[in-house]
Amino acid sequence: MAQNEKFLYRQGDRILCFHGPMIYEAKILDKVYQHPKSGDSGPHYLIHYKGWKNTWDEWVAEYRVLPINEANLSKQKQIEESMTKKNKPSAKKIVQDPSVEKGKKRKRDLSLDKDDNVKKPKVIIYMPESLRILLVQDWENINKSQMWVPLPRKPSVTDIISNYKSWRHEKNKDSFDGIAEEVGKGVGFYFNKCLGTRLLYQSERNQYKEIRSKFENLENTQIYGAEHLLRLF
């Protein structure tokens, strides 16, 4: 090992590690001074998350690793509680079916049971390490440094989708690429619907209210950019 290749942690250490905005307990399996895939210089660790399958093992930069101590365990708990509150569904009032007499149970719809047993296709989207790092940096900028993304953003989500469709069109010159059109519409629609309820951190909500009142005629995809689009995946 070169003299300037200094590591804060050793192979076999039990640590905490950022994965997206969350912090999980993990173990260091190996360490290198250059990322094996991206080639990024600096201390990197091969991490195995406790209780996770080996397929989730990954190389992470040293800034994502935290020692296990009271302060960091408290930070982990605070983040978990914050995310739980953010994703907690609102209570819905249960309305009784008037066709069912009081005291009698409604018969189960067997056709619905059959639908429940049908296996639904699973879509797995691979996210490169470089984008995962951006997600972590984004979380730290907002929740630790109180640095919000300046809005409106350029390029916007609309611009990004348009560029993607142009790239696909250029790639498939001889044929109409309906997939690009459908994907672009789907991503844009889903982003517009989910941004205000699922993609914002708590500290961003005041900024969201202000920007929406200022640009009432624009959609979310025309105001927000890559930082928030990345959270969709």
Side-chain angles (χ1 to χ4, degrees), residues 1-88 124-151 153 155 160 195 198-207 224-233:
M1 183 189 299
Q3 190 173 0
N4 61 339
E5 295 182 2
K6 296 181 179 179
F7 296 85
L8 294 179
Y9 307 94
R10 299 173 298 178
Q11 185 175 341
D13 281 355
R14 296 281 179 181
I15 47 88
L16 297 174
C17 184
F18 274 103
H19 184 80
M22 305 297 290
I23 299 176
Y24 299 100
E25 186 177 343
K27 180 180 180 180
I28 295 177
L29 303 179
D30 200 358
K31 61 180 183 178
V32 295
Y33 200 76
Q34 188 177 47
H35 194 286
K37 294 182 179 179
S38 68
D40 292 340
S41 182
H44 287 79
Y45 302 92
L46 179 59
I47 297 297
H48 173 72
Y49 297 99
K50 183 179 178 180
W52 293 32
K53 293 182 179 180
N54 293 341
T55 52
W56 286 97
D57 293 357
E58 61 174 338
W59 288 97
V60 304
E62 192 170 75
Y63 74 86
R64 286 176 56 183
V65 180
L66 301 170
I68 295 180
N69 55 39
E70 188 174 345
N72 289 330
L73 288 172
S74 176
K75 179 189 295 185
Q76 180 190 34
K77 186 177 180 180
Q78 290 175 359
I79 293 174
E80 288 177 354
E81 291 175 349
S82 174
M83 295 300 289
T84 300
K85 291 179 181 178
K86 177 182 175 183
N87 296 321
K88 188 176 181 180
I124 300 176
I125 299 177
Y126 170 74
M127 182 171 291
E129 175 68 16
S130 57
L131 294 184
R132 293 185 185 183
I133 291 174
L134 288 177
L135 273 175
V136 175
Q137 291 176 339
D138 180 44
W139 180 90
E140 290 183 337
N141 287 340
I142 293 168
N143 293 287
K144 294 175 67 176
S145 304
Q146 302 296 301
M147 295 170 58
W148 292 278
V149 177
L151 300 173
R153 206 79 177 112
I160 294 170
L195 178 69
R198 293 188 175 275
L199 302 183
L200 296 176
Y201 296 115
Q202 189 65 36
S203 57
E204 292 180 295
R205 296 197 175 278
N206 286 336
Q207 183 195 35
Y224 287 80
E227 297 85 355
H228 291 82
L229 178 61
L230 190 57
R231 300 179 197 175
L232 191 63
F233 304 96

Item to check | Check against side-chain contact (heavy atoms from CB on, under 4.5 Å), Leu8 and Val65 | outcome: CA-CA 9 Å; Leu8 294 179; Val65 180; over 6 Å; no
Item to check | Under 3.5 Å donor-acceptor, His44 side chain and Gly42 backbone | outcome: yes
Checklist entry - Are the side chain of Gln34 and the backbone N or O of Gly39 linked by a donor-acceptor pair below 3.5 Å? => result yes
Checklist entry - With a cut-off of 6.0 Å (strictly less than), are more than 12 heavy atoms of other residues, nucleotides or ligands near CE of Met22? => result yes
Item to check | Derivation and outcome, side-chain contact (heavy atoms from CB on, under 4.5 Å), residues Leu131 and Phe233 | outcome: CA-CA 11 Å; Leu131 294 184; Phe233 304 96; over 6 Å; no
Checklist outcome for this item: Closest non-hydrogen contact found for Val60 with Cys17 is CG2-SG, 4.1 Å
Next on the checklist: With rounding to the nearest 0.5 angstrom, report the CG to CG distance, Asp57 to Asp30.
Outcome noted: 11.0 Å
Checklist entry - With distance as the sole test, does Glu25 use its side chain to make a donor-acceptor pair with the main-chain N or O of Lys50 at under 3.5 Å? => result no
Item to check | Any side-chain heavy-atom pair of His228 and Glu204 under 4.5 Å | outcome: yes
Checklist outcome for this item: In short, Ile47 meets Ala26 closest at the heavy-atom pair CG2-CB, 3.3 Å
Checklist entry - Glu58 and salt bridge (Lys or Arg N to Asp or Glu O under 4.0 Å): which partner among Lys37, Arg132, Lys53? => result Arg132
Item to check | Straight-line distance of Lys75 NZ to Glu80 CD, nearest 0.5 Å | outcome: 13.5 Å
Next on the checklist: Just checking Glu70: does its CD atom have more than 12 heavy atoms from other residues, nucleotides or ligands closer to it than 6.0 angstrom?
Outcome noted: no
Checklist outcome for this item: The reported gap from CD1 in Ile133 to NE2 in His35 (rounded to nearest 0.5 angstrom) is 6.5 Å
Item to check | Candidate list Lys31, Glu62, Arg64, test side-chain hydrogen bond (donor to acceptor under 3.5 Å, both in side chains), partner Tyr45, passing option | outcome: Glu62
Item to check | Where Val32 and Phe7 come nearest, the two heavy atoms and their spacing | outcome: O-CE2, 3.3 Å
Checklist entry - Given Ile28 and Arg10, is the side-chain contact (heavy atoms from CB on, under 4.5 Å) satisfied, shown in steps? => result CA-CA 7 Å; Ile28 295 177; Arg10 299 173 298 178; over 6 Å; no
Checklist entry - Hey, what's the ring geometry for Trp139 with Phe18, parallel, tilted or perpendicular (30° and 60° as the breaks)? => result tilted
Checklist entry - Does the side chain of Asp138 pick up a donor-acceptor pair with the side chain of Asn141 at under 3.5 Å? => result no
Next on the checklist: Tell me if a side-chain donor or acceptor on Trp148 pairs with a main-chain N or O of Ser203 at a distance below 3.5 Å.
Outcome noted: yes
Checklist entry - Should we count CH2 of Trp56 as having more than 12 external heavy atoms under 6.0 Å? => result no
Checklist entry - Does any N or O in the side chain of Asp13 come within less than 3.5 Å of the main-chain N or O of Ile15, such that one atom is a donor and the other an acceptor? => result no
Item to check | Close side-chain approach of Arg231 and Tyr224, heavy atoms under 4.5 Å | outcome: no
Checklist entry - Got a second to check how far Leu195's CG is from Leu200's CG, nearest 0.5 Å? => result 4.5 Å
Checklist entry - If we only count heavy atoms from C-beta on, is the Ile23 to Leu66 side-chain gap below 4.5 Å? => result yes
